[in-house]
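Below: one structure, written as structure tokens.
All values below come from the heavy atoms of this structure, side chains included, with hydrogens, waters and symmetry mates left out. Numbers for residues simply follow the sequence, beginning at 1. Values in this document were obtained by computation on a predicted structure and should not be read as measured data.
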Amino acid sequence: MTLKSELDVFGALFKQHLNGSFKATLRWVTATSVDWENKTMTATDSDELPYYGVLLGVGMMAVKPVIKTDCLIAIVEGDEASAFLLCADEAELIQFNNGSNGGLVYVHELKENLQKLTARVDAVIDALNNAAPSGTPDGGAALIGTIKAALALITEKEDFTGIESNSITH
């Protein structure tokens, strides 16, 4: 490298320093520990250099990476103490707005259970529509028998306990 080219590089770096125009630096790291309460993690890069206090999110979203997973972090303006997680190859939890609204719904399970519930309601409606007229001498026994028979045909009851994902909360 010639003296002129070295001076050009030095001049460009000095001008960049004066203007304070640092860009965010991106680094691939491996998550080594997570402090979910404080929404931070410790990670190491490929040279085993540690990064402490890496924020797990900025703003309304936080990601809890799986330990030993690869993560991409951003280092703000060259200050390695100001780093935050951009993405992780694997996550235990993705949380929006501190998770105050609970987990997201598994749409497939919700749809199946709503179909079961609809079938049960339809059976009751059909039984009522096909019931014997009121004032029958049996005191409504036929109506009760028809409803019980219709409901007995539906053996599957809805179960809404498994429709919420705790891996993504909002």
Output yes when a side-chain donor or acceptor of E109 lies under 3.5 Å from a complementary backbone atom of G162, and no otherwise.
no
Please answer: with hydrophobic residues joined when any side-chain heavy atoms are less than 4.5 Å apart, are L104 and L93 in the same cluster?
yes
What distance separates S33 OG from K68 NZ, expressed to the nearest 0.5 Å?
12.5 Å
Check whether any side-chain heavy atom of W36 lies under 4.5 Å from a side-chain heavy atom of L56, and answer yes or no.
yes
Closest heavy-atom pair, A83 versus E80, reported as atoms and distance to 0.1 Å, is CB-O, 3.9 Å
Heavy-atom closest contact (T161 atom, D159 atom, distance):
OG1-OD1, 2.7 Å
Which heavy-atom pair separates T32 from I67 by the least distance, and what is that distance?
O-CG2, 3.7 Å
Going hydrophobic residue to hydrophobic residue with side-chain gaps under 4.5 angstrom, can you get from M61 over to I73?
yes
Which atom names give the shortest non-hydrogen contact between I75 and R27, and what distance separates them?
CD1-NH1, 3.0 Å
State, yes or no, whether a side-chain contact exists between T44 and V29 at a heavy-atom distance under 4.5 Å.
no
Roughly how far, to the nearest 0.5 Å, is the OH atom of Y106 from the CG atom of N113?
14.0 Å
So CG of L114 and CG of L110: to nearest 0.5 Å the spacing works out to 4.5 Å
Does D45 use its side chain to pair, donor to acceptor, with the backbone of D47 at less than 3.5 Å?
yes
Are L86 and L55 linked, directly or through other ILVMFWY residues, by side chains that come within less than 4.5 angstrom of each other?
yes
Does any non-hydrogen side-chain atom of V34 lie less than 4.5 Å from one of E92?
no
Please report the closest heavy-atom contact between D35 and N38, naming both atoms and the distance.
OD2-ND2, 2.6 Å
Check step by step if side-chain contact (heavy atoms from CB on, under 4.5 Å) holds for V76 and F84.
CA-CA 8 Å; V76 181; F84 63 93; 3.7 Å; yes
Quick check: closest heavy atoms across A62 and K39, and the distance to 0.1 Å?
CB-CD, 4.0 Å
Same cluster for M60 and V63 if Ile/Leu/Val/Met/Phe/Trp/Tyr side chains link at under 4.5 Å?
yes
Shared ILVMFWY cluster between I94 and V54, side chains joined below 4.5 angstrom?
yes
Distance check, rounded to the nearest 0.5 Å: D70 atom CG versus T30 atom OG1?
4.5 Å
